[in-house]
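Numbering of residues begins at 1 and proceeds along the displayed sequence. A quick note: this is a predicted structure, and the numbers were derived from the prediction, not measured. Indexing begins at 1, ligand by ligand and atom by atom, following the structure's order.
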Amino acid sequence: MDRRQLLKQGTLAAAAFAFSRDLFAKEAEHSFLNSIDYSGIIKLSSNENPHGPSPKARKAMIEMVNKSNRYPWEITNVLREKIGAVYKLTKEHITVGAGSSELLGVVSLMAALQKGNAIAPEPTFRLWMPAANTVGLPVSLIPVTTDKQTDLQQMKDAMNKDTKMVYICNPGNPTGAIIPANELEAFIKDVAPKCILLLDEAYTEFSNEPTMANWVNEYPNLIIAKTFSKIYGMAGARAGFAIAHPATIKKMNELQPWANAGISAVSLAGAIASLDDQEFVQFCKKENEKAKAIFCTALNKAGMNFVKSHTSFVYFDTANFKKDVKEVLEAKNIIGCRTFEIGKSWRRLSIGTTEEMKKVAEALAV
Ligand SMILES: Cc1ncc(COP(=O)(O)O)c(C=O)c1O
C-alpha cells in the first residue's frame, strides 16, 4: 500500500464516522487485504499493541499450526479454566469468542429479546450498536460530562421501565477516562438488579483500577467483556471472553450456534500462553506509560488539552492548535488521528512505541 492509499484510509475513517462494522470493514479492505506491510508508516488508529503478541504466545501459536486439523474442544476448556482461575472463578463463569466484539453482540441480542431499549455513553465504543439496532434494541446515547467523564448520574436518570441493558466501557474508549472503583461499584449495585449491565473492560490492564469480575456471582445481570486484543497484543488473532454468573453464561451460549467455538486452535494456544506471560503484560504497561508521557508532553507543548488517559490512547482537544493535526501527522506518515464527536475539535490517537511517539512529538512541534 502506498502513502496515498494510507492517507485515503485515514480520510475514509474520518468521513465514515459511523465507527460501525462498515468502518472496520473499510479499514480491513484498505490495509490487510492489500498489504500488511506498514513499513515507513506509524499506525495509531485502532489501539493495537505495538509490541505484541508476547514471545511465548508467538511460539505457542506456531506450534499449534500443525495441529489445526483437529477441533479445539479441549484447548478451549483449558483457556476457560485458566481465565476462571485468574479471576478466582470457574470455567462456567467464562465464555470465549472471536474477540470480545462477538460477545458484545451476543449480549445485545440477549437484551433485544427482552424487547426494550439500551443506554450507553456518548462517545463510546460503538461497534456493537448497528447490530443491536438491527435486532430491535434502540440505544440512547448519554453525553459524557464536559470534562469527558462517563456521566453515571445522567445514565441512571435516563433509564426507564423498558431499559434492558446499560453499556459502560471502563476505562472509556475514546476518552481514556476511568470511573473510580467505588463509584462503579455503587453503579453496579444500583443498576444490575434492574437490567443487564454490560461492562467492557477492554483496557483495564493499562490502568491501576481493578476489574469488577468479583461482583458477577452477586449480580447475574453483570456481564464483563474482556479481550486479548489490547494489552496481550493479539488483535489479529481474534480472542476475547466474557465473565458472568454461570446462569448468565448459559443464557448467552443458548443464543450461539456453537458456543465457545469462535477462537481458532492457533489463537487459543496464543491466548493461553499470553496469560502465562505476565512479565510481558507488565512490560507493555510500562512501555505504554513511557510512550504516553512523551505524547502528553508534546500535547502540553503544543497547547492542546487532553483527558488523563488510563488506556493505550489519548483523547485530546485540537482547538488551540494552529494547523490541522491530522494533516500535520499524515505529512509525516503517522496515521490514525480520528474524530469521535461530530463537529468537535477532539481527536483520539493510539499510543505506539516510545520511538513512534517521539516522531509524533517531533511532528507536532511545528
Ligand atoms: C472498548 C472496546 N471493546 C471491545 C473492542 C473489541 O475488541 P476485540 O478485538 O476483542 O473484538 C475494542 C476494540 O477496539 C474496544 O476498544
### Query
Is Asn47 close to ligand 1, meaning an N/O of one under 3.5 Å from an N/O of the other?
no

### Task
Pick one of side chain, backbone, both or neither for how Ser229 approaches ligand 1, counting any non-hydrogen atom pair under 4.0 Å.
side chain

### Qualifying residues under side chain to side chain contact (heavy atoms under 4.5 Å, CB included), relative to Pro50, sequence neighbours excluded
Thr353, Glu356

### Query
Is there a path of hydrophobic side-chain contacts, each under 4.5 Å between heavy atoms of I, L, V, M, F, W or Y residues, that connects Met212 with Leu89?
yes

### Task
For a side chain to side chain contact (heavy atoms under 4.5 Å, CB included) with Tyr203, tell me which candidate from Ile231, Ile178, Asn173, Asn170 qualifies.
Asn173

### Task
Rounded to the nearest 0.5 Å, what's the gap from CD1 on Ile243 to NZ on Lys226? Could you check?
6.0 Å

### Query
Which part of Lys230 is near ligand 1, with near meaning a heavy atom under 4.0 Å away: side chain, backbone, both or neither?
side chain

### Task
Ignoring hydrogens and angles, state whether a donor on the side chain of Asp157 or Gln153 is under 3.5 Å from an acceptor on the partner side chain.
yes

### Message
I need the contact type for Ala202 against ligand 1. Using non-hydrogen atoms and a strict under-4.0 Å cut-off, is it side chain, backbone, both or neither?
### Response
side chain

### Test salt bridge (Lys or Arg N to Asp or Glu O under 4.0 Å) applied to Glu341 and Lys148, Arg347, Arg126, the passing residue
Lys148

### Message
Less than 4.0 Å is my threshold; does some heavy atom of Gly99 fall inside it relative to ligand 1?
### Response
yes

### Query
With a 4.0 Å cut-off on heavy atoms, does Asn173 reach ligand 1?
yes

### Task
Answer yes or no: does an N/O atom from Asp200 fall short of 3.5 Å to an N/O atom of ligand 1?
yes

### Query
Measuring from the heavy atoms of Cys169, does anything fall under 4.0 Å of ligand 1?
yes

#### Entry: Contact atoms of ligand 1, heavy-atom distance to Arg238 under 4.0 Å
8 (P), 9 (O), 11 (O)

### Message
Need the ligand 1 atom indices (1-based, order shown) with element for anything under 4.0 Å from a heavy-atom of Ser100.
### Response
4 (C), 5 (C), 6 (C), 7 (O), 8 (P), 10 (O), 11 (O)

### Qualifying residue for side chain to side chain contact (heavy atoms under 4.5 Å, CB included) with Arg238, from Ser267, Ser229, Ser100
Ser229

### Summary
So for Tyr203 against ligand 1, with non-hydrogen atoms under 4.0 Å, the contacting part is side chain

## Note on the structure
With Asn260 as partner, the option from Asn77, Leu79, Asn253 fulfilling side chain to side chain contact (heavy atoms under 4.5 Å, CB included) is Asn253

### Query
Hey, which atoms in ligand 1 end up nearer than 4.0 Å to a heavy atom of Thr227?
7 (O), 8 (P), 9 (O), 10 (O)

